[in-house]
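See structure below.
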Amino acid sequence: MAKLKISELFYSIQGEGRFMGVPSVFLRTFGCNFTCSGFGMPNRGELSLEADTVAVNHTLKPYATYKDLPLVSTGCDSYASWHPTFKDLSPMLTVDAIVDRIMEILPFGEWRDEHLVITGGEPLLGWQRAYPDLLQHEKMQGLKAITFETNGTQLLTTELKEYLWKWAGIMGKGRGALTFSVSPKLSVSGEDREEAIKPDVIHQYEQVGFTYLKFVVASEDDANEALEVTKMYRSEGFSGPVYLMPVGGVESVYTMNNKNVALLAMKHGLRYSDRLQVLLFKNEWGT
Ligand code: SF4
């Protein structure tokens, strides 16, 4: 039976993008191909940071659970889902164990209107091999909608692509049931443009599901870069919508720029995405 290394598995309201406000199960896998050190995150191996950003002490290992981990004000708010320091907090679970846990956290013990968010880290790394087993589990048959939250750099394996195509098409869920929420990393992330912007990958996602871009922006410069990058995707055939979403993992930072980002979205005819988890739940782990 397939296994997945799971950082978090929780039930909440989707705070971002197309399914904002929809009750959702979040399955957060461990591992990412980026570190986004431009956001003020540690490079792999640099494990001593300021206490008010992300306190990481490799020697003391002070954090026993996700609930103990500090929150970030800017940067990668899911750092513990990829940083090696925290890998011990992410158990390797069988598909059966994951499904049992999902049934426990669903309010009625079965899928009704809830949607599944498969996120990370980057959920389309090697874990792709486990998703067909997960989705074809007998207790997952009531699931009607899935979103993969991805940085948009990983091609789908042939096996997963074919499986998702059947899941969304032949099996009757409908093509709109499968969504790829793609958050490409702009230069502020510190990642190289050639590595971060992959129009051919997005094109592949569009072949099997509804796909949109969601850029995290803090300034007009970021918004302009998002427009420039969007043109690169459009020139390769991308036809989906584009969201601007304000930076900010804590309310004080978020509320400094959310209105400005909304105005920038209006100015450029783009969609605005909120981050309801910041306002409703202070972006705590498990929300
Ligand atoms: S791609 Fe996303 S999960 Fe990975 S390091 Fe960057 S912000 Fe974090």
Side-chain angles (χ1 to χ4, degrees), residues 4-10 14-17 26-47 49 53-56 66 69-87 89-90 117-128 147-156 179-199 201-202 205 211-218 222 225-226 229 233 243-250 253-254 257 261 273 275 277-278 283-287:
L4 282 157
K5 192 167 173 62
I6 298 299
S7 294
E8 290 188 287
L9 180 53
F10 59 93
Q14 172 60 291
E16 307 173 1
F26 290 79
L27 179 69
R28 189 185 300 286
T29 58
F30 186 85
C32 187
N33 55 319
F34 287 155
T35 59
C36 293
S37 55
F39 289 151
M41 293 304 301
N43 289 311
R44 287 183 207 276
E46 292 177 10
L47 300 174
L49 297 174
T53 55
V54 182
V56 181
Y66 262 71
L69 294 169
L71 305 175
V72 293
S73 53
T74 59
C76 177
D77 59 5
S78 59
Y79 62 89
S81 71
W82 56 263
H83 199 293
T85 300
F86 305 103
K87 70 176 187 227
L89 298 182
S90 299
V117 183
I118 302 180
T119 187
E122 171 47 55
L124 293 176
L125 296 176
W127 306 124
Q128 289 194 42
T147 295
F148 285 97
E149 292 186 333
T150 170
N151 60 30
T153 60
Q154 304 300 309
L155 283 167
L156 301 176
T179 299
F180 291 88
S181 173
V182 181
S183 192
K185 299 303 156 225
L186 299 176
S187 55
V188 67
S189 71
E191 299 298 334
D192 287 342
R193 163 96 37 119
E194 299 74 38
E195 298 301 319
I197 307 303
K198 303 271 191 185
V201 172
I202 309 305
Y205 299 166
T211 302
Y212 63 83
L213 302 177
K214 186 180 66 187
F215 293 98
V216 178
V217 299
D222 291 346
E225 188 181 349
V229 167
Y233 287 110
Y243 289 79
L244 298 186
M245 185 171 80
V247 76
V250 296
V253 175
Y254 168 81
N257 80 342
V261 173
S273 172
R275 299 176 87 122
Q277 67 274 29
V278 177
N283 209 23
E284 289 174 355
W285 297 96
T287 63

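Start at 1 and go down the list; that is how both ligands and their atoms are numbered. Note that this is a predicted model, so its numbers are computed, not measured. Along the sequence shown, the residues carry numbers beginning at 1.
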query: What do you reckon, does Gly121 put a non-hydrogen atom under 4.0 Å from ligand 1?
result: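 Yes; Gly121 lies near enough to ligand 1 that a heavy-atom distance drops under 4.0 Å.
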field: Close approach, Glu122 and ligand 1, non-hydrogen under 4.0 angstrom
entry: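 No, Glu122 has no heavy atoms under 4.0 Å from ligand 1.
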- prompt: Judged by atom type as modelled, is there a donor-acceptor pair below 3.5 Å linking the side chain of Arg28 to the main-chain atoms of Gly120?
  reply: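 Side chain of Arg28 to backbone of Gly120: a pair is present.
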field: Output field: ring centroids Tyr79/Phe86 closer than 6.0 Å
entry: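 Between Tyr79 and Phe86, the centre distance is under 6.0 Å.
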Verify the distance criterion only: is there a donor paired with an acceptor across the side chains of [X] and [Y] at less than 3.5 Å?
X	Y	value
Thr150	Glu122	yes
Gln277	Glu16	yes
Glu8	Ser81	no

query: For ligand 1, which atoms, with element, lie under 4.0 Å from some heavy atom of Thr35?
result: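 Answer for ligand 1: 5 (S).
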query: Short list, please: which atoms of ligand 1 are under 4.0 Å from a heavy atom of Asn151?
result: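 Ligand 1 atoms under the 4.0 Å threshold to Asn151: 1 (S).
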query: Under a 4.0 Å heavy-atom limit, does Trp82 contact ligand 1 with its side chain, its backbone, both, or neither?
result: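 Answer for Trp82: side chain.
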message: Let me check your reading of the structure: within less than 2.8 Å of atom 4 (Fe) of ligand 1, is there an N/O/S atom from Cys36?
response: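 Of the N, O and S atoms in Cys36, none lies under 2.8 Å from atom 4 (Fe) of ligand 1, which means no.
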